[in-house]
Amino acid sequence: MRSRQPKQLLLAFFGEHVVDDAVGPIRASVLIGVLEGAGVAAPATRATLDRLVQTGMLDRSKSGREILFSLTEHGVAVLREATARVRGPRPFEPQGTGWTLVTFTIPEGQRTLRHRLRSTLTWEGFAPLRDGLWLAPGEVDLAGSLEPLCQDLPPKTVVAFHARELAGFPIADSVRAAWDIEAIRREHLAFIEVWGDPGAATQAASALTVRTMLVADWLALLRADPRLPREFMDAQWPAERSTQVYRRMHQRLAAASADEFAALVTAGAGAVARNVAGAAARSVGDPARRSRAPH
């Protein structure tokens, strides 16, 4: 499988443990520890956290000597939009019938916005077909998918429509031109090879780290598989096996990883409370601060 990038691991962590629960900000030391167990050095994690703050996914705050990170509204919207497929019962089946087509125009100077739009389209199963035209199987909920970007996209940037195959104009050649089906198969088989082994549950000392690795790999597989109709696949297509492997390993790790996360959050809440209390005590005990206080 592809090497796990720090960003994938962090998004997996926040998507699994933070986005649906009011756990408060997460200490940087917790995030660094989880990713170190997955083989990511602390400087790489810190740099990735900085970039996620710059792109509006995370907020940074401070309590005493602790640096804390929390999801922004934009970060919550992005992760929740992905949740339906990550946790859905049929993650590799197309949404409805036919095909969704998209074309868009973004000025050259807005490369970051263009990258975000392309990334969103790829997650939704789109691939470039020709001359700026993107194709995805089924009836994609494009309005929902683009909601996290709606404030940044200028009006009429995106044009989209739903289409069906016409007799005499088979779409099979276009599908094979847009997607490398054998490469998608290899992604599935690599996932199954790694996570179908029961020993994968102990590839890191922490169940929380292993679960984060599992979900990061699952996200990468979902991005790689556009949910093409089964008519383009053979009888040995491995998507169902991938789903079974993921759910089995996820269930195996769930309890232990949840306990680890709860313990880390509890410890973090205690540390923040001590920092606040200490700051208040220092303020009360500092004559200079008392002299500046209003009477």
- Query: Does the ring centre of F69 sit less than 6.0 Å away from the ring centre of F14?
  - Reply: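 They do not qualify: ring centres at least 6.0 Å apart.
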- Would a line drawn from the ring center of W179 to the ring center of F232 be shorter than 6.0 Å?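 Here the rings of F232 and W179 have centres that are no less than 6.0 Å from each other.
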- Would you say the side-chain atoms of H17 pair up with the backbone N or O of A262, donor to acceptor, closer than 3.5 Å?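 No: the side chain of H17 does not pair with the backbone of A262.
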- Task: Verify, without hydrogens or angle tests, whether R46 (side chain) and I32 (backbone) share a donor-acceptor contact under 3.5 angstrom.
- Result: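 Between the backbone of I32 and the side chain of R46 there is no qualifying donor-acceptor contact (under 3.5 Å).
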Under the salt bridge (Lys or Arg N to Asp or Glu O under 4.0 Å) test, residues paired with [X] that sit two or more places apart:
{"X": "R230", "value": "none"}
{"X": "D50", "value": "R60"}
{"X": "E93", "value": "R90"}

- Item | All ring pair (Phe, Tyr, Trp, His ring centres under 6.0 Å) counterparts of H250, not counting sequence neighbours |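 H250 satisfies ring pair (Phe, Tyr, Trp, His ring centres under 6.0 Å) with Y246 only.
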- Item | With sequence neighbours excluded, residues passing ring pair (Phe, Tyr, Trp, His ring centres under 6.0 Å) with W237 |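 In terms of ring pair (Phe, Tyr, Trp, His ring centres under 6.0 Å), with neighbours along the sequence ignored, W237 is linked to H188.
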- In this structure, are over 12 heavy atoms from other groups packed under 6.0 Å from E165 atom CD? yes
- Query: To which residues is V140 joined in a hydrophobic cluster, defined by side-chain heavy-atom contacts under 4.5 Å among Ile, Leu, Val, Met, Phe, Trp and Tyr, whether direct or through other members?
  - Reply: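 Besides V140, the hydrophobic cluster comprises V102, F104, I106, L113, L117, L121, F126, W134, L142, L146, L149, L153, V158, listed by chain and residue number.
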- Do R87 and D20 sit within salt-bridge range, that is, some charged N less than 4.0 Å from a carboxylate O? yes
- Item | Cluster overlap W123 with L101, hydrophobic side-chain contacts below 4.5 Å | no
